[in-house]
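Below, each value reflects all heavy atoms present in this structure, side chains not excepted, and no hydrogens, waters or symmetry copies.
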Amino acid sequence: MFKSIFLVILGFAGGVGVGTAIASFLTLLDLIPRLAQISDSNGQLYIYQRVIVISVILTTLIEFFQISLYGNMLFLIPIGIFTGAFIGLIASALAEVLNVIPVLENKLKLKELLQIPVLCISLGKVIGSLIDWLILNNIR
């Protein structure tokens with residue numbers, strides 16, 4: 001009985017710690033507003049907020065109830081594309097917030113072609129996610 005109560009408190013504390021860290025990460029670095037600014041969608045900021053909250057809840061439920069997403073390849077491809085696109089956009093926003101893009105712009109003198117490194121970062125994350133989902137998961 002004591003062990004179960006201790007595990008519940010420990011799990012709750014861990015969840016609060018991780019949730020606070022992610023909220024601080026997104027809030028302090030202004031990733032979501034910067035992502036909206038980069039993608040020229042400042043009017044849809046509420047959609048970003050809702051998608052993040054819904055995805056956190058769904059991911060938590062999937063992990064908690066150990067739900068497996070088995071399905072046909074046509075079902076998994078869009079999931080991989082959307083996951084990779086979201087991760088790529090967050091990585092791009094994080095890179096820009098941390099001033100990676102301005103340093104790259106100054107070193108390589110890419111005044112007019114600044115969209116190319118941002119697009120390469122995003123496409124790299126999407127392609128990496130697709131390779132992981134479609135190829136590496138089948139090997140394992």
Side-chain angles (χ1 to χ4, degrees):
M1 173 85 176
F2 178 71
K3 184 177 179 181
S4 297
I5 293 173
F6 177 72
L7 288 175
V8 167
I9 292 171
L10 186 65
F12 183 75
V16 168
V18 170
T20 303
I22 290 174
S24 297
F25 175 73
L26 293 174
T27 304
L28 292 175
L29 292 179
D30 286 334
L31 280 180
I32 302 306
R34 188 67 183 141
L35 178 62
Q37 185 180 13
I38 290 172
S39 62
D40 204 21
S41 60
N42 284 328
Q44 286 85 20
L45 198 58
Y46 66 93
I47 293 175
Y48 286 112
Q49 295 167 350
R50 289 183 178 151
V51 166
I52 288 174
V53 169
I54 290 169
S55 64
V56 166
I57 291 170
L58 286 176
T59 305
T60 302
L61 291 174
I62 288 171
E63 287 293 320
F64 187 73
F65 293 113
Q66 297 178 352
I67 298 171
S68 296
L69 294 176
Y70 294 109
N72 137 5
M73 215 40 109
L74 294 176
F75 174 70
L76 295 178
I77 289 174
I79 292 174
I81 289 172
F82 288 129
T83 303
F86 181 75
I87 291 171
L89 287 171
I90 290 290
S92 298
L94 179 61
E96 184 147 337
V97 165
L98 295 177
N99 292 328
V100 172
I101 302 300
V103 170
L104 186 65
E105 175 188 1
N106 289 337
K107 294 288 183 188
L108 299 178
K109 300 182 183 9
L110 295 172
K111 293 279 185 205
E112 302 85 30
L113 304 173
L114 189 59
Q115 295 87 4
I116 293 174
V118 173
L119 183 64
C120 289
I121 292 170
S122 300
L123 287 176
K125 296 302 278 180
V126 169
I127 291 170
S129 294
L130 285 174
I131 289 171
D132 183 51
W133 274 67
L134 299 175
I135 298 171
L136 298 179
N137 281 335
N138 290 332
I139 295 172
R140 294 180 203 146

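- Linking Ile, Leu, Val, Met, Phe, Trp and Tyr whenever their side-chain heavy atoms come within less than 4.5 Å leaves Ile54 and Leu61 in two separate clusters.
- Side-chain heavy atoms closer than 4.5 Å link hydrophobic residues (I, L, V, M, F, W, Y) into clusters, and following such links, possibly through other members, connects Phe64 to Val53.
- The hydrophobic side chain of Val8 is isolated, with no ILVMFWY side chain under 4.5 Å apart from it.
- Both Ile57 and Ile62 belong to a common hydrophobic cluster when Ile, Leu, Val, Met, Phe, Trp and Tyr are linked at side-chain heavy-atom distances under 4.5 angstrom.
- Both Leu45 and Ile52 belong to a single network of hydrophobic side chains, linked directly or stepwise wherever heavy atoms of I, L, V, M, F, W or Y lie under 4.5 Å apart.
- Residues satisfying the side-chain contact (heavy atoms from CB on, under 4.5 Å) criterion with Thr60, sequence neighbours excluded, are Val56.
- Within a 6.0 Å radius of CG in Asp40, other residues, nucleotides and ligands contribute 12 heavy atoms or fewer.
- A search for side-chain contact (heavy atoms from CB on, under 4.5 Å) contacts involving Ile81 returns Ile77, Leu130, not counting sequence neighbours.
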